[in-house]
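Each ligand, and each atom within it, is numbered from 1 in the order the structure gives.
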Amino acid sequence: MPHTLVLKGDLMAQQIGLFLNPVGQRRVDFQGMYADMFARLFIADGSEQATVLLGQERVDLLIIDLERFDRSFDLEALGELIARRAGAPVLVLCPFISAGWLPALMAFGPLAYAITPLDEGELRAAIDAQLGAPEASATHADDLRSLLALRTRLQQALVDVDDLASVAEQICVALCDAAGAVHASLFRMDVPGDLQLEAQYSPTGLNLTRVLHRSDRLLQSPLRHAFPGLVAACSNEMCLLDAPAKAGEPELALSLVDKGVEMVIGLPLGSAPGSALAGSLCLMFGRARQFSAEELDSFVALSQLAGFGLRMAAVSRENEALLGRVTHMATVDALTGVANRRHGEHLLELEIKRARRYRVPAALIGFDIDRFKAINDQFGHPVGDAALRTVADVVQATLRTSDVLVRSGGEEFLIIVPHTSAIDALKIAEKIRVAVAQTDIAGCDRLTISLGVAQLADQESADALMLRVDAALSRAKRAGRNCVELAMS
Ligand SMILES: Nc1nc2c(ncn2[C@@H]2O[C@H](COP(=O)(O)OP(=O)(O)OP(=O)(O)O)[C@@H](O)[C@H]2O)c(=O)[nH]1
């Protein structure tokens, strides 16, 4: 519509611009191509010169072309220029690979940006938009309020810290409350070098695995330099992408546009110093928009909160694992891996109660390796240890899963045999005796065992039952060993 353009041209012709870039040829090119858009166009080669010009002239639009600026030297000074504008229009021209600059610069004050390279028409349109734009308000109050509400929502989601996977999922669901969000995802790197998509959520049904073509070993993906969720996890910096076509990955660009995504923001997961937790949050929006410094701060707070929630879940998982190990150590005999005496006595009490409640029989078998002292003396203690393990393994292999093998001391064992009468327990004991006697033991001669068997009597205590089994076992020893004796009732 030429009419509109003429009006805008009139307006622009009165405006003053300042273009900032360290490369002489770039300044000359810009002046040659775009000076006609301004009543006066100043150019500056660095932030010092720009500061002087801003002090002397009423500049309507400051254009900072980041090409060839060095982030480690120039960020602070350029940021101060933006802060000095206090909301007056600033347009940052940013090469895609420098996109990490944007959140850092936005922290100094509001700015508009365009990802370069741009053709002449695109750059004119970007300048046009800024010359016609009202001054940016200091805060995007509504968006900021919605982000703060989101923080509360996320806090609530993290109250019931459960397992890691569900915490990650809750974080994604909560993040999708952000205005315009169409997808939220969380990436984690537990093992160095293996970044994984831990959780994702999309109110529109978008599936990120289809965009990235995989969900694990993502640092090996060619998209690690282009997709903000991956860039943020690699660089530990916030990363914005609102011009997918410039990311140098045409397939990614097509895929995002196809799924209605115009802007992607990647946030490194806030992790405590020294914490191994690494990864990122990634939010995809259906429309591109600018973020104020406060909004960016809120995003950082969100990622810290999410990182905290994940750490809590990881700690509770570690606690569970630790508890499991402690329980294992307290209940299992270290040499043979079967139940230790204390745990065995506890299990025997439980079995006695169960047998009484359901009025079913229960039996106890005790056995002891014959002349084990001679094995130790003749072949050495380590061979004796290995023999104990072999015997425990052979016996365990003959038992049903409901039977419990217990190492009650030195070379003595008990077997709790639920739901079994004396006659059947005798058969089991005999089977065990034969199995041990037929087993080759590494490093020494074959072994035999002697066994005592008892069926639980009415009202009998665990101690009394064990005493009767012991007595039967002693009789088996006296009877010449390598045999089974039934306890007296
Ligand atoms: N290698 C090894 N030996 C053990 C272990 N616990 C107990 N012993 C040995 O087992 C032997 C038990 O000897 P005794 O109680 O005299 O009985 P025995 O030689 O088996 O003879 P009978 O039971 O009468 O057939 C001792 O020499 C203990 O040192 C262990 O964990 N490892």
Side-chain angles (χ1 to χ4, degrees), residues 324-349 363-399 403-417 420 422 425-456 462-489:
R325 275 175 52 201
V326 168
T327 312
H328 184 79
M329 279 161 65
T331 57
V332 170
D333 171 57
L335 179 70
T336 58
V338 305
N340 63 18
R341 181 179 186 97
R342 233 179 69 152
H343 189 49
E345 284 175 355
H346 170 68
L347 295 177
L348 180 60
E349 294 284 0
L364 188 66
I365 302 172
F367 71 88
D368 177 307
I369 301 174
D370 296 331
R371 306 202 196 284
F372 192 57
K373 188 172 177 311
I375 301 285
N376 275 332
D377 292 348
Q378 196 180 339
F379 302 101
H381 223 260
V383 172
D385 280 357
L388 275 168
R389 275 195 292 266
T390 306
V391 169
D393 289 348
V394 169
V395 174
Q396 187 80 71
T398 39
L399 297 174
D403 303 334
V404 182
L405 178 60
V406 181
R407 186 176 176 205
S408 50
E411 22 68 271
E412 298 165 10
F413 293 82
L414 287 172
I415 306 164
I416 305 167
V417 201
T420 303
L426 273 175
K427 287 184 196 155
I428 295 170
E430 181 57 18
K431 201 167 122 193
I432 291 170
R433 186 192 67 76
V434 172
V436 172
Q438 291 178 345
T439 300
D440 289 326
I441 311 278
C444 65
D445 302 332
R446 283 191 177 175
L447 290 174
T448 58
I449 56 173
S450 302
L451 305 95
V453 174
Q455 182 177 339
L456 177 69
D463 284 347
L465 177 63
M466 284 192 287
L467 275 178
R468 280 200 302 128
V469 166
D470 262 354
L473 176 51
S474 296
R475 272 194 289 119
K477 292 276 181 187
R478 287 200 297 278
R481 299 183 171 81
N482 192 20
C483 61
V484 182
E485 280 288 330
L486 180 63
M488 315 279 188
S489 43

Practice item. For R342, look at atom CZ and say whether over 12 heavy atoms of other residues, nucleotides or ligands are found less than 6.0 Å away. Key: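 At most 12 heavy atoms, drawn from other residues, nucleotides or ligands, come within 6.0 Å of this atom.
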**Study point:** Atom CZ of R446 with >12 non-hydrogen neighbours under 6.0 angstrom
**Key:**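 Result for CZ/R446: enclosed.
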Practice item. Would you indicate which of K373, R407, H381 comes nearest to atom 31 (O) of ligand 1 when only heavy atoms are counted? Key: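 The nearest heavy atom belongs to R407.
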Check your understanding: Do we see a donor-acceptor contact under 3.5 Å between the side chains of S450 and D370?
Key ->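 Yes, a side-chain donor-acceptor pair sits under 3.5 Å.
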In the protein, what heavy atom is nearest to [atom], and what distance, to one decimal place, separates them?
| atom | result |
| --- | --- |
| atom 24 (O) of ligand 1 | R481 NH2, 3.0 Å |
| atom 18 (P) of ligand 1 | F372 N, 3.3 Å |
| atom 32 (N) of ligand 1 | D385 OD1, 2.7 Å |
| atom 17 (O) of ligand 1 | E411 OE2, 3.8 Å |
| atom 3 (N) of ligand 1 | N376 ND2, 2.8 Å |
| atom 7 (C) of ligand 1 | G410 CA, 3.4 Å |
| atom 22 (P) of ligand 1 | K477 NZ, 3.3 Å |

For ligand 1, which atoms have a heavy atom of [X] less than 4.0 angstrom away?
| X | result |
| --- | --- |
| R371 | 18 (P), 19 (O), 20 (O), 21 (O), 22 (P), 25 (O) |
| L388 | 2 (C), 5 (C), 30 (C), 31 (O), 32 (N) |
| G384 | 1 (N) |
| D368 | 23 (O) |

I'd like to know if the side chain of [X] reaches the main chain of [Y], judged simply by a donor and an acceptor atom lying under 3.5 Å from each other, with no hydrogens or angles considered.
| X | Y | result |
| --- | --- | --- |
| R433 | V436 | no |
| R371 | T448 | no |
| R468 | L456 | no |

Check your understanding: Is the shortest distance from atom 13 (O) of ligand 1 to a protein heavy atom below 4.0 Å?
Key ->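 Given the 4.0 Å limit, the answer for atom 13 (O) of ligand 1 is yes, a protein heavy atom qualifies.
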Check your understanding: Are any of the N or O atoms of I369 closer than 3.5 Å to those of ligand 1?
Key ->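 Yes - when backbone and side-chain N and O of I369 are compared with those of ligand 1, one distance drops under 3.5 Å.
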Practice item. Evaluate side chain to side chain contact (heavy atoms under 4.5 Å, CB included) for I375 paired with I441, printing each intermediate quantity in order. Key: CA-CA 11 Å; I375 301 285; I441 311 278; over 6 Å; no
Practice item. Kindly indicate, with the supporting measurements, whether the criterion side chain to side chain contact (heavy atoms under 4.5 Å, CB included) is fulfilled by D368 and E411. Key: CA-CA 6 Å; D368 177 307; E411 22 68 271; 2.8 Å; yes
Review point. What heavy-atom pair brings A437 and N482 nearest, and what distance separates the two atoms?
Key: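 Heavy atoms of A437 and N482 come nearest at CB-OD1, 4.5 Å.
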